[in-house]
Amino acid sequence: GTTKIFDARVYKQLKGVFMKDEVVRLLVDAYESGTLVDSIPFTPKDDEDAWDIAEGVMSRLGEDVIYHKIGAPSKDSDPCCGAILSKNVYKSGSIIKVPKGKILGIEGELAYEFGKDLKDIKREYTTQDVEDAIKSIHIALEIIDTRYKDRASMPFLAQQADNLNSGYLVIGDEIKDWKSVTPMEQEATMSINGEVFYRGKSTSTAGDVFWLLVWFANHRVKRGNPIK
C-alpha cells in the first residue's frame, strides 16, 4: 500500500493562508458592496498577518496605492500603517459624498510627499535618505472609516488588517519648504459651516513623527513594495 505522511505544520500553514484569504474576501466585499463585516474567521496573530491581509485587500481591489497613513501608539512602540484607496483621495475644496453613518471621525494631518524613489533592497534607509527624498508637505484631513459593523469590538490587529480604518483623505496645497513646518508646533482650527468646534495645538502619540517616515521607508522595502 501507499504510506501517507501527514505534516501538521504544513496543514497549519495552509489553513492560515486560506483563512487570511477569507478575511481578504470579506473586506473586499465590504469595500465594494458596503455591507459591513460582523466577524472574521481569522484574527491576525501579529503585524505580518495583518499586513498580509491589508495588502491582499488592496491588491484584490486592483489599487495602485500611493497614499498611506502611519502612526504608533507611543514613541516606544512599534509603528503601524495602512493604505488609502487612491479614488478616496481628494483635493482641498472638493465635495465628498460619504454614505450616511460612514464617518467615524475627522482628523487633521500633515502629509509628506516623496519625490524620489527609495527602492534599494540592499540597504537600510537613514533619516538623511528620507529627508533627501521628500518633495513637499501638505495640510490634510483624514476621514476615518471601517469595514466592520462594530469596529470597537475588533482587536487592534484586525483593525490594522482593515488598513487602520482608512477612509478618505483631503489634500491641501503643497508646501515645498517642508522643513519650515515643525509638526509638533502647529496650531489647528476645525470648523463646520463657519462654526469652530476645535482649536488646539498638534499632537502625536508617537512623539517626533519623522522617525515614522524612516520606519515606513524601510518597512516598504522589507514588504517587497518600496516607495517609488
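Counting begins at 1 with the first residue of the sequence.
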Revision key, fill the gap. Here the pair of heavy atoms bringing L164 nearest to G82 is CD1-N, 3.8 Å

Review point. Do Y67 and S166 come within less than 4.5 Å of each other through their side chains, counting heavy atoms only?
Key: no

Check your understanding: If you look at every heavy atom in W211 and S74, which pair is closest and at what distance?
Key -> CZ2-O, 4.2 Å

Review point. Are the charged groups of R123 and D129 less than 4.0 angstrom apart, N to O?
Key: yes

Exercise for review: Measure across V65 and A83 and return the closest heavy-atom pair with its distance rounded to 0.1 Å.
Suggested key: CG1-CB, 3.4 Å

Check your understanding: salt bridge (charged side-chain N to carboxylate O under 4.0 Å, His left out): which pairs involve residues 69-78, sequence neighbours left out?
Key -> K69-E142

Practice item. Look up atom OG1 in T127 and atom CG in D132, then write down how far apart they are to the nearest 0.5 Å. Key: 10.5 Å

For residues 29-48, dump all side-chain donor-acceptor pairs below 3.5 Å to protein atoms at least two apart in sequence or in another chain.
residue : atom : partner : partner atom : Å
D29     : OD2  : S33     : OG           : 3.4
Y31     : OH   : R147    : NH2          : 3.3
S33     : OG   : D29     : O            : 2.7
S33     : OG   : T35     : N            : 3.2
S33     : OG   : T35     : OG1          : 3.2
D38     : OD1  : K149    : NZ           : 3.1
K45     : NZ   : D49     : OD2          : 2.9
D46     : OD1  : E48     : N            : 3.2
D46     : OD1  : D49     : N            : 2.9
D47     : OD1  : Q160    : NE2          : 3.4
E48     : OE1  : R223    : NH1          : 2.6

Point to revise | Flag side-chain contact, heavy atom, 4.5 Å: V221 against P226 | key: yes

Practice item. For residues N225 and E55, determine if any side-chain heavy atom of one lies less than 4.5 Å from a side-chain heavy atom of the other. Key: no

Review point. L141 and Y168: side chain to side chain contact (heavy atoms under 4.5 Å, CB included), yes or no, with the steps?
Key: CA-CA 8 Å; L141 280 178; Y168 304 80; over 6 Å; no

Check your understanding: Do M154 and N165 touch side chain to side chain, with heavy atoms closer than 4.5 Å?
Key -> no

Review point. T126 versus E131: any side-chain heavy-atom pair under 4.5 Å?
Key: no

Exercise for review: Would you check if the side chain of D162 reaches a backbone N or O of A158 as a donor-acceptor pair within less than 3.5 Å?
Suggested key: no

**Study point:** Cluster overlap V130 with I70, hydrophobic side-chain contacts below 4.5 Å
**Key:** yes

Exercise for review: Write out all pairs satisfying ring pair (Phe, Tyr, Trp, His ring centres under 6.0 Å) with one or both partners inside residues 44-65, taking only residues at least two apart or from two chains.
Suggested key: W51-H219

Study note, to complete from the structure: Here the gap from K135 atom NZ to E113 atom CD, rounded to the nearest 0.5 Å, amounts to 4.5 Å

Check your understanding: Can you name the side-chain hydrogen bond (donor to acceptor under 3.5 Å, both in side chains) partners of N88, sequence neighbours left out?
Key -> none

Review point. Taking the side chain as C-beta and beyond, is there a heavy-atom pair between V24 and K20 under 4.5 Å?
Key: no

Practice item. Show your working on side chain to side chain contact (heavy atoms under 4.5 Å, CB included) between C81 and W215 and close with a plain yes or no. Key: CA-CA 10 Å; C81 61; W215 169 84; 3.9 Å; yes

Distance-only donor-acceptor hits, side chain of residues 170-189, under 3.5 Å, sequence neighbours excluded:
residue : atom : partner : partner atom : Å
S180    : OG   : D177    : O            : 2.6
Q186    : NE2  : T182    : O            : 2.7

**Study point:** Gap between atom CD1 of I53 and atom CZ of R60 - 0.5 Å precision
**Key:** 11.5 Å

Check your understanding: Roughly how far, to the nearest 0.5 Å, is the CD1 atom of I106 from the CD1 atom of I144?
Key -> 9.0 Å

Practice item. Kindly indicate whether the side chain of Y148, heavy atoms from C-beta on, has any atom under 4.5 Å from the side chain of L27. Key: yes

Review point. Is the closest side-chain heavy-atom distance between L213 and I134 below 4.5 Å?
Key: yes

**Study point:** D117 side, atom CG; K119 side, atom NZ - distance, nearest 0.5 Å
**Key:** 4.5 Å

Review point. For the atom pair CD1 (I227) and CZ (R220), what is the distance rounded to the nearest 0.5 Å?
Key: 6.0 Å

Exercise for review: State which residues pass ring pair (Phe, Tyr, Trp, His ring centres under 6.0 Å) with F216; sequence neighbours excluded, sorted by chain then number.
Suggested key: H68

Check your understanding: Is I139 reachable from L169 through a run of I, L, V, M, F, W or Y residues, each pair having side-chain heavy atoms under 4.5 Å apart?
Key -> no

Review point. So which heavy atom on G167 is nearest to which on I84, and how close?
Key: O-CG2, 3.9 Å

Exercise for review: Would you confirm whether Y125, through its side chain, and D120, through its main-chain N or O, come within 3.5 Å as a donor-acceptor pair?
Suggested key: yes

